[in-house]
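Reviewing the structure listed below.
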Amino acid sequence: MDGVDLTDLDRFADGFPHGVFDRLRRERPVWWHEPTANTPDGEGFWVVSRYTEVMAAATDAATYSSEGGGGRAGGGTIIEDLPAGFAVGVLLNMTDDPRHARFRRLLAPSVAPGTLRLLEAELTERAGRIIDDALAKGECDFLLDLAAELPLQAVARLLGVPQEDRHRLLGWANATLDYDGRELGEATERSRAAAAEMFAYGSDLLARKRDDPGDDLLSVAAHATLDGAPLSDLEQQMLFNLLVAAGSETTRNSIALGMQALIDHPASWNTLRNDRSALGAAVEEMLRWASSTPYNRRTATRDTVLGGQDVRAGDKVTLWWASANRDAALFPRPHLFDITRRPNPHLAFGRGGHFCLGATLARLEMRVVFSALLDRVASVEPTGPLEYTRSNKHTGVRHMPVRLVPA
Ligand code: HEM
């Protein structure tokens with residue numbers, strides 16, 4: 001695999017490098033990636049690309065920790081080590097059981113199917129308005145005008161952020177998650193300023209929720225007790241950051257890349273226009289296809305063997321969901337976009353104890369947006385090239401210029 005550098009973000013500038021991962025699955029399903037000049041912390045890491053091994057590690061949290069292990073000072077779920085006590089062991093997704101499971105149980109009711117059913121009518125109305133506004137423009141940026149909007153409005157609703165502030169969330173998420181003009185582990189003035197503004201906004205909002213709680217998830221977090229004590233200010237704050245990022249970025253990218261797949265496969269678009277009952281399976285295929293979270297990292301807590309390779313305690317182990325989702329052993333003709341694919345056991349939302357907390361919400365948002373789009377729009381025509389986010393952590397879209405032809 002000489003010359004393959006998964007920490008060189010230019011490799012991801014035109015979307016996820018499926019060709020590289022086809023080779024990895026075939027030749028080195030559990031591969032030791034030596035450090036390069038681009039690799040944070042100057043150390044190598046394991047790259048797990050096949051479905052079977054990704055599943056094995058994702059469902060064995062005692063061996064593959066989301067915090068750290070093997071005496072390592074930091075850890076977390078991205079390649080670069082994050083400090084313990086700031087992100088690690090504080091952010092829900094970078095905390096191990098048993099605290100993780102108890103933390104998660106506090107939040108689960110806010111995104112449970114029953115709660116979301118009550119939200120469905122509101123989201124449907126919002127989606128209709130979003131598409132009508134985009135249609136009124138005729139030519140628009142599918143990403144900003146359309147794909148980003150419902151996830152933002154939904155996450156604002158979920159967190160109890162006033163709707164008029166939602167575009168500030170978008171600006172902060174973009175500036176902190178997009179690696180345009182910077183490298184892994186690097187911060188720029190812009191990304192630092194955005195993180196500081198978001199932090200200050202979150203603190204203010206949480207203070208208001210403590211005094212005057214609403215029926216939102218942040219109010220739950222502001223008043224909850226875990227292991228006999230309230231969540232720390234930092235835990236509450238980091239939860240706000242996590243949900244803004246996780247709740248808006250991944251869903252909008254799945255919507256945009258799902259739409260691009262339908263543009264490239266007009267027969268599938270026409271099938272959906274004629275038969276809305278096919279939409280549930282189509283959304284699953286869009287999720288598999290887009291795999292907007294390409295990987296998450298774990299740290300081995302003990303010496304172990306994965307896919308025949310000796311993994312040492314403390315090693316960084318990256319699980320590539322996007323690659324597992326193109327594994328021919330599970331998905332016949334994996335590079336075919338097939339909206340009738342069944343079964344479709346994709347790992348776009350991860351697997352195991354950290355399975356995406358917002359999966360039901362994300363699926364609902366996608367169904368609602370595509371349903372409103374199919375009702376109102378005859379076709380979506382590109383008017384310029386799709387521009388990808390330069391990142392190995394988010395397969396996403398920065399801009400997607402299109403013309404909407406009304407139905
Ligand atoms: C299509 C959209 C989405 C995708 C592809 C996605 C993907 C993922 C993945 C792969 C994980 C597992 C991380 C790991 O194992 O380390 C995850 C976890 C998580 N997601 Fe999502 N997500 C999406 C939407 C959302 C939404 C809408 C929300 C919130 C409203 C959300 C909140 C979370 C949270 C809080 C976790 C951490 C769960 C835990 O550690 O127990 N996600 N997501």
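Computation of the quantities below employed the complete heavy-atom set of this structure, encompassing side-chain atoms and omitting hydrogens, waters and symmetry-equivalent molecules. Start at 1 and go down the list; that is how both ligands and their atoms are numbered. For the single chain, residues carry numbers from 1 onward in sequence order.
- Across the listed options Asn296, Asp97, Asp96, Asn296 owns the non-hydrogen atom lying nearest to atom 13 (C) of ligand 1.
- With contacts defined as side-chain heavy-atom distances shorter than 4.5 Å, the pair Tyr201/Trp172 qualifies.
- Each of Arg72, Arg298, His33 was compared with Lys316 under the side-chain contact (heavy atoms from CB on, under 4.5 Å) criterion, and only Arg72 meets it.
- Counting heavy atoms closer than 4.0 Å to ligand 1, residue Asn93 contributes atoms from both its backbone and its side chain.
- The main-chain N or O of Tyr51 is found under 3.5 Å from a side-chain atom of Asp327 such that the two form a donor-acceptor pair.
- Nearest-heavy-atom check against atom 40 (O) of ligand 1 across Arg298, Arg252, His354 picks out His354.
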(message) With side chain to side chain contact (heavy atoms under 4.5 Å, CB included) as the criterion, how do Glu80 and Thr7 come out once you've worked through the C-alpha distance, each side chain's angles and the decisive distance to 0.1 Å?
(response) CA-CA 10 Å; Glu80 67 222 65; Thr7 55; over 6 Å; no
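- Among Ala362, Ala246, Ala101, the residue whose heavy atom lies nearest to atom 25 (C) of ligand 1 is Ala246.
- Nearest to atom 34 (C) of ligand 1 among the protein's heavy atoms is Leu357 CB, 3.8 Å.
- Residue contact check: Leu361 has heavy atoms under 4.0 Å from atoms 30 (C) of ligand 1.
- Annotation: atom 11 (C) of ligand 1 to nearest protein heavy atom, Phe349 O, 3.7 Å.
- Against a heavy-atom cut-off of under 4.0 Å, Gly350 is close to the following atoms of ligand 1: 10 (C).
- Atoms of ligand 1 found under 4.0 Å from any heavy atom of Ser292 (numbered from 1 in listed order, with element): 5 (C).
- For ligand 1, the atoms sitting less than 4.0 Å from at least one non-hydrogen atom of Leu287 are 1 (C), numbered in the order shown with element in parentheses.
- For Trp321 and Tyr295, the ring centers are positioned 6.0 Å apart or more.
- For the ligand labelled ligand 1, residue Gly353 lies inside the 4.0 Å heavy-atom shell.
- Heavy atoms from other residues, nucleotides or ligands lying under 6.0 Å from CZ of Arg28 number 12 at most.
- Within the 4.0 Å heavy-atom shell around ligand 1 one finds Leu158.
- You'll find the ring centres of Trp32 and Trp46 inside the 6.0 Å limit.
- Annotation: atom 28 (C) of ligand 1 to nearest protein heavy atom, Gly358 CA, 3.5 Å.
- Using cut-offs of 30° and 60° for the angle between ring planes, the Trp289 and His265 rings count as perpendicular.
- Which parts of ligand 1 touch Trp321 is read off a 4.0 Å heavy-atom cut-off, strictly below it: atoms 10 (C), 15 (O).
- Considering Thr77, Asp60, Asp96, Thr95 as possible partners of Ser65, the one that fulfils the side-chain hydrogen bond (donor to acceptor under 3.5 Å, both in side chains) test is Asp96.
- Interface of Gly247 with ligand 1, defined as ligand atoms under 4.0 Å from a residue heavy atom, comprises 26 (C), 27 (C), 28 (C), 29 (C).
- The residue among Cys356, Ala58, Ala348 with a heavy atom at the shortest distance from atom 10 (C) of ligand 1 is Ala348.
- Ligand 1 has no N or O atom lying under 3.5 Å from any N or O atom of Thr251, backbone or side chain.
- With ring centers used as reference points, Phe240 lies 6.0 Å or more from Phe199.
- Neither the backbone nor the side chain of Asn253 comes within 4.0 Å of ligand 1, counting heavy atoms alone.
- Remark: ligand 1 atoms within the under-4.0 Å shell around heavy atoms of Arg104 are 38 (C), 39 (C), 41 (O).
- Figure legend: cation-pi geometry between Arg288 and Phe331, with NZ or CZ positioned under 6.0 Å from the six-membered ring centre and within 45° of its axis.
- For atom 3 (C) of ligand 1, the closest non-hydrogen atom on the protein side is Thr250 OG1, 3.2 Å.
- At least one N or O atom of His100, backbone or side chain, sits closer than 3.5 Å to an N or O atom of ligand 1.
- Proximity of a side-chain donor or acceptor of His399 to a complementary backbone N or O of Asp141 within less than 3.5 Å is not detected.
- Note: no N/O pair closer than 3.5 Å links Ser254 and ligand 1 by distance alone.
- For Arg102 (side chain) and Asp97 (main-chain N/O), no donor-acceptor pair under 3.5 Å exists by modelled atom type.
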